[in-house]
Amino acid sequence: MFNPVESSVSFPKLEESIARFWRQRQIYEKSLAARAEAPAFVFYDGPPTANGLPHPGHCLTRAIKDLFPRYKTMRGYRCDRKGGWDTHGLPVEVEVCKELGIHSKEEIEAYGIEPFIHKCVESVFRYTKEWEELTERLGFWIHLDEAYVTFHQSYVESVWWALKNLFDRGLLYQGHKIVWWWAQGGTALSAGEVGQGYREVADPSVYVRFPLVEEGDSPIFATQKSGQSPMQMHDTDLLVWTTTPWTLPSNQFAAVKPELEYSVVAVEGESRNLIMASALVEKIAAKSKKDLAVVSTLIGSELVGRRYVPPFDYYYKTDGRRQGKLKTGGREHIAWRVVAADFVTTDSGTGIVHQAPAFGEVDYDVLTAEQERFVEDNGPPLICSVAPDGTFTAETPEFQGRWVKEADGDIARQMRAEGALFHQEQYLHDYPFCWRAEEDPLIQYPRRSWFIRTTQFKDKMLANNALINWLPEHIQDGRFGNFLETNVDWALSRERYWGTPLPIWVCEKTGYMEAVCCYDELMAKPGVDGMEVWREAKQKNPDLSDDLKIHKPYIDAVTYDSPKAPGARMRRVSEVIDCWFDSGAMPFAQWGYPNQEGSKERFAAQFPADFISEAIDQTRGWFYSLLAISTLLFSEEGTGEGGRNQGPEARGQGPGTGNPPFPFPLPPSSYPHPYRNCVVLGLMLGEDGGKMSKSKRNYREPNEIFDRYGADALRWFFFANQPPWTSIRYSEQSIKATIPEFLIKLWNVYSFFVIYANIDGFDPAASISGKAGRLDSKVLATADGYRSILERGELDRWVLSELNSTATAVVQRMDRYDNYAACGRLIEFVDALSNWYVRRSRERFWSGEKSTDKTDAYWTLYECLLSSCKLIAPFVPFLAEEMWQNLTVAEFGGRAVESVHLCDYPAGEKNVIDRLLSERMAVVREIVSLGRSARMGAKLKVRQPLALVEVVLADPVHKGWLEEHAALICDELNVKQVEFTQRADQYITYTVLPDLKRLGPRLGKRLPALRKLLGQADGGKLLAELEENGKIELELPDGPVTLVADDIQIRLQAKESWAAAQGKQCVVVLSTELTDELIAEGLARELVRAIQDIRKSRNCLYTDRLKVGVVTDSKEIQLVMNQFEEYIKSQTLTLEFTSTPLPEPEPVEVTVAGHRVKFYVNVIFHREVSN
RNA sequence: GGGCGUAUAGCUCAGUUGGUUUAGAGCGCAUCCCUGAUAAGGAUGAAGUCCGAGGUUCGAAUCCUCGUACGCCCA
């Protein structure tokens, strides 16, 4: 006996009890244990930060992260799911600052780094409870209690190990990074912060002369206007434009676009000529209100290498003539030269761009590129005339101590006085200001920073990327590939407080540096000292997490003896690292590799990942950091390449480093790593299609969705509504709609089954002896009364065929990580099950006596439901479990598997799939649908029986089979007879269409003529010709053409005068003629319907019996009552049927086909539902 | 400014390597049916300049080019 199924189900309620069941019975753990020996399917959890509340976007990632591991587990893999928490970084510091009501680094330091760090640790797990609740509520199975945590000592030490490896191989180096700098606050701002602070302002815009230096008697311009003598350089200036005059003292280069045309122009009334982009001459003439006459033209590349005198000579006076050795041999002036750059445009300015590498990222790249050309230490140094507080240094005595922006005016004045200023104006543009001090403009400014030499591994990263399976594909060569192509070295360090400390100690005397791979290694250093800072803190506050001892400020206090200078100490550099490095290190750091015991084995067993998934914003985040770190650490072959201080010891296997040998580096053939398949999720949008925003209130909190509709509804919405990589509109309506569309539809089938199985006493547990286990088809086949599928009726064979082809298709799609397509197949199947199988089988379940046919129906539907449970289990785990529990555990008790999630996933059995039957049934369904359409058109209710329906088939292949199924069609369409024909010229016109796929390649340009000809021809005649001769001969304007049967397709078109509907494969024509007999039968059905309505309004059970009196003046109705008495009684479960009034209750008066009829209906007894 | 993506019915989205004057589905809407899955279920219908403009081709929603709009990432 199955538990009765509530007709009005509350999914949220049901899910709660299922969640409890899983928890109490430890089903997740059991699902892992069941696969203990199975091959691994490796999943990595990208760590979220738990210092904020989870939002709908997290639900999507968590749902997808749950779907595939569940699926793979059912498919026979062991999929460990270790959670993770990202705990470091600026977002945490920002949250704490908000809480403390402070902003700047100065304020943090005034507050105290130590208490600040304590606040950070507290904040990191503020919302852990909410995250855990959401995780469980969503049905996301993952081990959160064993999650890796990026601030834990073991994790940090793993990161240190990686960094030491990179450092020892020369891949970690110090350089400059140009940052957006808040000078007054002394801090760099993140991109997000900068983005918030843009405002339109007016800045001075200056056009400055850079006089060219004559190079002895070197030849001058190659391209000369005809008839002009070669021009001398000494009377010519580059015209350079900038909106930041204060950067001019730090000028190092002038950039031109090599392929752009430039003009030498003579200025009215001035002795010196100017060079500027030809395209801009007119514009500049207009601005400056000066007459500019083009003297000659040249292309940018001809300017490259020419030297000039910068407007300020603070540096030029000492270094202006300095040359350095080039790597390619020869010498070159180190600065104040024209260089080539692609970023130069003619949108504004002069086409010649002033380069102050200290104050612009692009400019800095130019400097780096120049430095690359010279042998080491021979290249140009970085010139920076500005102190970190934003004032000029002593190197620029006239302006020393002045805030740079404020000096702009004087700088311009000075240039004007010296004749260097050609033109000046105001320029309106967007410029960033500090978001917390609105009056303070930001400046770009160089900071010392640590970099990872990722550029050296570009090709290896690309090779690795090429073998990753990206969903969607375009990420590979698109967003991610492009990003790798334009790779720049990873700026690793952060001048912040809460993060993994950079494990590099520097000798205070010599500058010698060492990287350290773990705390123990540090403790073993000679003369180590400073641990008391931590000890005292811990004493004062014993609750402090021990993991903090490896963080700022405690770790900064630890110093040791320098090996290079007696008496000197090694002190840690002050920086922490980018928290992306933390998360990217998780493949090994989650195990504490290599310092933790057993980490080597765990890492080896769980590397690389088979599957990861995050949203698209992680492309440059986690997806990159994983790939970069893995490629840098594990792709090196042998000791061939790498850095300058590489050697066997530096590989991290030498004495004292504590690094065990490991099966890495990987050979290149082991790509891809560290992940093979990556599902990139789209962005989640709010109800209105815009960005989700708390203040706009354009989305519902996940918990509200769970309470109203349930987790399965949300999950199914994510999986089935769109491919996961498109942007997803998080719409409450759509989430709600999944319930009737899919969940309820399946639920109704399930409920239908349970109702009748209980009435009829269908008892699979009694028919199956011994273990029922996972109740797969093999087990079912052992049941008493279970007939082999081949013996069963067609409908049963059909639905089982559909079931198995669905399973096959779902597996195929899920193996491709295409959950959307998989869901499409599941929807189709559930629809077929509900709207064809159950509908067509209802009578079999209703019939009173026990028959083989009825038993077959039960076993068939039972099997469909069991398999459906399993098929939907990874998608909607709660519903699947609920159904499983009732369909199996309630019946079999301990003989059945305890949970659907311990089952194997149905892969579909080939021998049950009957494609022909499936195709044929589709034709029947089409005929029925067309018949209804024809009825609709003729305004003939389905209730009204008709004498005949004629089906004209375009293709006779299924004719014989269809004829055998005439009864089914008659029943569905309520007609007495169905006939199949192929030629029915009275109803149909025929059009012969060319098969373009075949004829296109054959006929090419002749095709349009043929199409025209066929369009005008009499299709019937052509078909007759084809039937007679096996071919059609046609005369095209340019010659004859012969068509055979395969070359054409036939379209049928119903003639207008008939009640007909046409489909792709056939036309259905109704006979609309009504005899008295048919009308009477129709009336009988009207009566039945009226009585059923009353049954319903009386809340009758479907087992209740009635006594009915029908009173009417209509002779017609009376006649029908007599004639169809038995029919009406059986249909309405009426035991007594009279044509006289009953004493009670009040009659119900209804119009039946235009006749007034009074119904007296008594419920005379309830038959108990029994089994 | 650059890269990537998206644009198909009122809404949310499909549309396989180019193939047929019938471009699909769900929701919503309209009309209707069923009433023994019943506070459900089903059918039918209306509704589309496939973003625009060019091009390639016998043939383009699909391929190419150029635009436009929106989104994301970067500058």
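Since the model is a prediction, treat every value here as computed from it, not as a measurement. To find a chain, count down the sequence lines: A is the first, B the second, and so on, and within it residues start at 1.
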Q | A:R925 CZ to B:G42 C1', straight-line distance once rounded to whole Å | A | 12 Å
Q: Spell out protein contact along nucleotides 58-66 of chain B as letters: B when the base is contacted, S when just the sugar-phosphate is, - when no protein heavy atom is under 4.0 Å; keep the 5' to 3' order.
A: B--------
(Q) Would you say A:R842 places a side-chain N or O within less than 4.0 Å of OP1 or OP2 belonging to B:A37? (A) yes
Q: Output the distance between atom CD1 (A:I1091) and atom CZ (A:F1159), rounded to the nearest 0.5 Å.
A: 5.5 Å
Q: Report yes if a donor N or O on one partner sits less than 3.5 Å from an acceptor N or O on the other, where the partners are the side chain of A:S834 and the base of B:A37; otherwise report no.
A: yes
Q) What distance, rounded to whole Å, do you find between the two P atoms, one in B:C64 and one in B:U6? A) 12 Å
Q: Under the side chain to side chain donor-acceptor pair (under 3.5 Å) rule, what do A:N721 and A:Y820 come out as? Steps first, then yes or no, please.
A: CA-CA 7 Å; A:N721 237 38; A:Y820 175 72; over 6 Å; no
Every protein N/O within reach of nucleotides 26-28 of chain B N/O, cut-off under 3.5 Å:
from  : atom 1 : to     : atom 2 : distance (Å)
B:G26 : O2'    : A:E741 : OE1    : 3.2
B:G26 : O2'    : A:E741 : OE2    : 2.6

Q: In whole angstrom, give the distance that lies between atom CG of A:D363 and atom P of B:A75.
A: 15 Å
**Q.** A:Q1092 CD to B:U35 C1', straight-line distance once rounded to whole Å
**A.** 6 Å
Q: Consider the side chain of A:S929, meaning its heavy atoms from C-beta on, and name the nucleotide among B:A43, B:U17, B:C74 that approaches it most closely.
A: B:A43
Q: Taking the six-membered ring for Trp and the single ring otherwise, decide whether the centroids of A:F845 and A:Y858 are under 6.0 Å apart.
A: yes
Q) A:I1128 and A:L1087: which non-hydrogen atoms are nearest, and at how many Å? A) CD1-CD1, 3.9 Å
Q) Is there a donor-acceptor contact under 3.5 Å linking the side chains of A:Y709 and A:E732? A) yes
Q: Look at the rings of A:W747 and A:Y750 and say which category their plane angle falls in: under 30° parallel, 30 to 60° tilted, over 60° perpendicular.
A: perpendicular
Q: Name the residue closer to the 5' end of RNA chain B, choosing between A:L683 and A:F845 according to the nucleotide with the nearest heavy atom.
A: A:F845
Q: Output the single nucleotide from B:G45, B:A37, B:C33 whose closest atom is nearest the side chain of A:V838.
A: B:A37
Q: Could you give the distance separating B:C73 and B:G15 at their P atoms, to the nearest angstrom?
A: 25 Å
Q. Which atom pair, heavy atoms only, marks the closest approach of A:L471 to A:R816?
A. CD1-O, 3.7 Å
**Q.** Proximity to the side chain of A:K745 - top-ranked nucleotide from B:G42, B:U44, B:C33
**A.** B:G42
Q) Quick one: A:W836 CH2 to B:A43 P, roughly how many Å, whole number? A) 11 Å
Q | Pairwise P distance, B:C51 and B:A23 [rounded to whole Å] | A | 15 Å
Q. In whole angstrom, what separates A:K257's NZ from B:G1's C1'?
A. 11 Å
Q) Looking only at atom C1', what distance separates B:G18 and B:U56, rounded to whole Å? A) 11 Å
Q: Provide, to the nearest angstrom, the distance between the CG atom belonging to A:D831 and the C1' atom belonging to B:A37.
A: 15 Å
Q | Integer angstrom distance from the C1' of B:G24 to that of B:U62 | A | 15 Å
Taking distance alone, no hydrogens or angles, what donor-acceptor pairs closer than 3.5 Å link side-chain atoms of residues 475-484 of chain A to residues at least two apart or in another chain?
from   : atom 1 : to     : atom 2 : distance (Å)
A:Q476 : NE2    : A:N465 : O      : 2.7
A:Q476 : NE2    : A:A466 : O      : 3.1
A:Q476 : NE2    : A:I468 : O      : 2.9
A:N482 : ND2    : A:G478 : O      : 3.3

(Q) Distance check, P atoms only: B:G19 and B:A61, in whole angstrom units. (A) 9 Å
Q) When you look at NZ of A:K736, are more than 12 heavy atoms from neighbouring residues, nucleotides or ligands closer to it than 6.0 Å? A) no
**Q.** Residue pair A:Q1092 / A:Q1131: nearest heavy atoms and the distance that separates them
**A.** NE2-O, 3.0 Å
Q. Has the side chain of A:R932 got a donor or acceptor that lies under 3.5 Å from a partner of the other kind on the base of B:U44?
A. no
Q: Identify which nucleotide among B:A37, B:C74, B:C72 has an atom closest to any side-chain atom of A:F752, counting heavy atoms from C-beta outward.
A: B:A37
Q | Whole-angstrom distance between B:U21 and B:A14, as gauged at atom C1' | A | 23 Å
**Q.** Atom C1', compared across B:A53 and B:A69: separation rounded to whole Å
**A.** 15 Å
Q) Any stems for RNA chain B, made of 3 or more Watson-Crick or G-U pairs in a row, each with both distances under 3.5 Å? A) B:1-7 with B:68-74, B:10-13 with B:24-27, B:29-33 with B:41-45, B:51-55 with B:63-67
Q: Could you verify whether a donor N or O on one side chain and an acceptor N or O on the other, from A:T455 and A:D489, lie under 3.5 Å apart?
A: yes
Q. Should A:D995 and A:K997 be marked as a salt bridge (Lys or Arg N to Asp or Glu O under 4.0 Å) after you check the CA-CA gap, both sets of side-chain angles, and the distance that decides it?
A. CA-CA 6 Å; A:D995 185 323; A:K997 245 182 184 159; over 6 Å; no
Q) What closest approach, in Å, do A:P724 and A:V679 show between heavy atoms, and which atom pair accounts for it? A) CG-CG1, 4.4 Å
Q.
So A:S1130, base contact, sugar-phosphate only, or nothing? Heavy-atom distance under 4.0 Å.
A. base
**Q.** Nucleotide-resolved protein contact map, nucleotides 4-14 of chain B, B/S/- at heavy-atom distance under 4.0 Å
**A.** BS------SSS
Q | Atom of A:G1039, atom of A:R1006 and distance for their closest heavy-atom approach | A | O-NH2, 3.2 Å
Q. With A:E614, which residues qualify under salt bridge (Lys or Arg N to Asp or Glu O under 4.0 Å), at least two apart?
A. A:K65
(Q) Whole angstroms only, please: what is the CD1-P distance between A:I827 and B:A25? (A) 14 Å
Q. Taking NZ from A:K941 and P from B:U31, how many angstroms apart are they, rounded to a whole number?
A. 15 Å
Q) Which part of the nucleic acid does A:V749 contact within heavy-atom distance under 4.0 Å: base, sugar-phosphate only, or nothing? A) base
Q) What are the two closest heavy atoms between A:Q444 and A:G360, and how far apart are they? A) OE1-CA, 3.3 Å
